[in-house]
Amino acid sequence: MNLDILSYGFMQRALLTGIMVSITCSIIGLFLVLKRYSLFGDALSHVAFGGIALGYFLNIYPIWTAFAVSVSAALGMTKLRKSTKISGDAAIAVLLSSGFAMGVLLISASHGFTIDLFSFLFGSILLTSMQDTLTILAVSCGVIVTLIAIRKPMIHFTFDEEQAKVHGIPIEKLNYLFVALAAVTVIATMRLVGILLISALIVLPNITSIMMGKGFKKTMMISISLSVTAVVAGITTSYYFNLAPSGTIVMLMVAMFVGTLIAKHAGLFSTKILTNENNSLSSN
Amino acid sequence: MSMNALDVENVSVSHNGVLAVNKISFSVQEGDLLGIVGPNGAGKTTLFRAILGLQSYQGKIKLFGYEGNQYTTLLSMIGYVPQKVNFEPNFPATVFDVVAMGILSRKKLAKGAALIQSCGCCWNRIFQTSSKDSEKIEEALKIVGLESFKDRRISELSGGEQQRAFIAKALVKEPLLMILDEPVTGVDMDVQNKFYSVLRKINKENKITIVWSSHDLTAISDLATRVACMNRDLFFHGEKEEFFANKDLLKTYSESAMQMHMHKHDM
């Protein structure tokens with residue numbers, strides 16, 4: 001295969017940010033999926049859209065405003081959920097629509113849509129500037145290092161909140177930190193696949209790797225490998241065939257998911273055994 | 001003289017104005033295996049949740065004589081196994097991963113050990129002080145008889161096996177006290193018996209203090225050293241022999257258990 005594409009600066013930046021972002025999304029996504037927060041990323045990305053519009057409106061580097069708006073919305077929503085007992089899916093709907101509405105409102109106030117906003121909606125990895133690349137790399141590294149540091153309490157907290165609390169894990173603080181990290185990750189991912197497809201990067205590689213029946217560490221490594229493969233293959237393919245990179249990446253992930261699903265049904269992975277005893281216990 | 005591992009003094013808990021636990025007082029001595037009996041809805045779980053800091057309550061609860069911050073420090077050294085651990089069924093954790101979650105940091109262990117030493121109590125450690133985390137996990141799995149299951153996903157195990165894995169998770173923290181809330185309700189006899197032998201072993205050999213709630217009076221009479229009987233109020237607390245000699249108490253307990261049973265069938 002002709003590897004000329006690697007000599008282009010924009011392609012190097014695209015691949016580098018793509019790889020870093022896919023690793024970050026896989027790790028944070030595994031916790032989100034297991035906490036049944038799969039759509040949280042989607043909601044946060046819509047809020048980020050509002051944040052970006054705010055940036056354009058106030059003439060500030062839009063990624064900074066997106067960070068500020070998303071992180072505060074994520075923390076605020078977590079607090080609200082805790083104090084009012086609003087259900088998770090309803091909270092996500094509120095977050096998603098209010099963020100997006102704010103974006104639309106601000107854009108209409110600043111006289112019309114621009115091409116830049118289109119790229120935030122559907123991604124524009126090939127147009128990533130040096131400033132964006134450096135911001136995304138720094139943010140991804142920060143999120144990955146923090147997640148590695150808190151992995152043990154985070155796994156316990158995700159597995160069973162009450163047991164984690166008895167174990168002495170400060171679950172509330174940990175939850176706020178995690179939600180803030182998720183908000184930051186979503187913004188770093190926007191350039192790659194756009195606001196509307198972020199959920200795919202968070203959910204697809206993880207539900208695919210979970211199906212393979214391995215332990216936690218292996219599941220995470222498989223998810224990262226699948227995600228990086230899809231992103232690198234997606235960016236390259238889209239360049240040669242002149243397709244949208246975001247759509248290509250996500251469709252590759254969907255193909256991996258469907259392929260694994262078929263392989264699982266064909267009996268290639270160990271399947272869950274539900275015994276009578278298990279059933280009778282859960283009915284108590 | 002042995003110390004009290006747990007003191008419950010005049011503890012009441014109400015849920016939305018309904019009294020679930022009414023002014024209960026009892027103590028558990030170091031090395032005891034206290035069996036708590038009472039019908040469904042008697043407030044056993046609520047009482048446990050209060051002890052574990054998961055439920056607000058009125059009254060006083062002391063762990064090895066400590067309250068406040070020191071209580072919170074020692075709380076992480078309680079091994080707790082609920083009736084059913086509600087985990088996401090797809091959680092990609094092996095039995096080894098789950099047991100590993102129970103490991104306490106050396107810093108926390110040292111802090112707890114200092115508190116225990118200063119109150120003159122004795123901490124019966126299950127493992128060698130120099131044991132690595134992975135050795136502790138293997139050893140705990142051996143105690144509950146799951147060593148060959150360590151690489152299996154937790155969701156692939158049967159209910160009884162899962163409960164044994166959660167006992168191992170509680171054991172790796174080298175608990176000062178274990179609280180087991182009807183750990184084998186709804187599990188078949190064979191698995192129950194295996195579970196009881198594990199319980200006897202950790203109480204007799206590892207000298208771990210255990211508070212255990214159950215509906216199985218035969219098992220209680222076999223294993224427990226002391227018995228408490230509650231139904232919102234505490235009706236009895238004392239030696240096992242005394243409980244089983246008290247025909248009125250036994251009759252009341254079986255009647256209320258029977259009523260509960262009938263009620264379930266009516267519904």
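Naming convention: chains lettered A, B, ... in sequence-line order (proteins, then strands); numbering from 1 in each chain. Note: hydrogens, waters and symmetry copies are ignored here, and every other heavy atom, side chains too, is used.
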Relative to chain A, which segment of B:V95 carries a heavy atom at a distance below 4.5 Å: side chain, backbone, both, or neither? neither
Which of the residues B:L54, B:L52, B:I154 is involved in the greatest number of heavy-atom pairs with chain A at under 4.5 angstrom? B:L54
Over 12 non-hydrogen atoms of neighbours within 6.0 angstrom of NZ in B:K108: yes
Look at the side chain of B:R153 and the backbone N and O of A:G215, then say whether any donor-acceptor pair between them is shorter than 3.5 Å. no
Tell me, out of A:M220, A:K217, A:E162, A:K152, who's got the most heavy-atom pairs with chain B below 4.5 Å. A:E162
Neighbour count >12 (heavy atoms, 6.0 Å) for atom CE, A:M256: yes
Are there over 12 heavy-atom neighbours, none belonging to A:K214, within less than 6.0 Å of that residue's NZ? no
As an exercise, state the distance from OG1 of A:T219 to CG of B:N90, rounded to the nearest 0.5 Å. 10.5 Å
From the list B:M77, B:M101, B:K169, B:K173, side chain to side chain contact (heavy atoms under 4.5 Å, CB included) partner of A:H167 resolves to B:K173
Does atom NZ (A:K218) have a neighbourhood of more than 12 heavy atoms from anything else shown, all under 6.0 Å? no
Which of parallel (below 30°), tilted (30 to 60°) and perpendicular (above 60°) describes A:F159 and B:F91? perpendicular
Residue pair B:S76 / A:G168: nearest heavy atoms and the distance that separates them: CB-N, 4.1 Å
A quick test of your reading: do over 12 heavy atoms of other residues, nucleotides or ligands sit less than 6.0 Å from CD of B:E135? yes
Counting only non-hydrogen atoms closer than 4.5 Å, does B:I103 touch chain A with its backbone (N, CA, C, O), its side chain (CB onward), both, or neither? backbone
Select one option (side chain, backbone, both, neither) describing which atoms of B:D97 are under 4.5 Å from chain A's heavy atoms. side chain
Flag yes if more than 12 heavy atoms outside B:Q117 fall under 6.0 Å of its CD atom; otherwise flag no. no
Which pair of heavy atoms, one from A:Q163 and one from B:V81, lies closest together, and at what distance? NE2-CA, 4.5 Å
Is it the side chain or the backbone of B:F96 that comes within 4.5 Å of chain A heavy atoms, both, or neither? neither
Quick one: of B:P92, B:A93, B:G53, who has the most non-hydrogen atom pairs under 4.5 Å with chain A? B:P92
To the nearest 0.5 Å, what is the distance between CG (B:N86) and CG (A:D160)? 7.5 Å
Heavy-atom pairs under 4.5 Å with chain B, option from A:K35, A:R36, A:H156 with the top count: A:H156
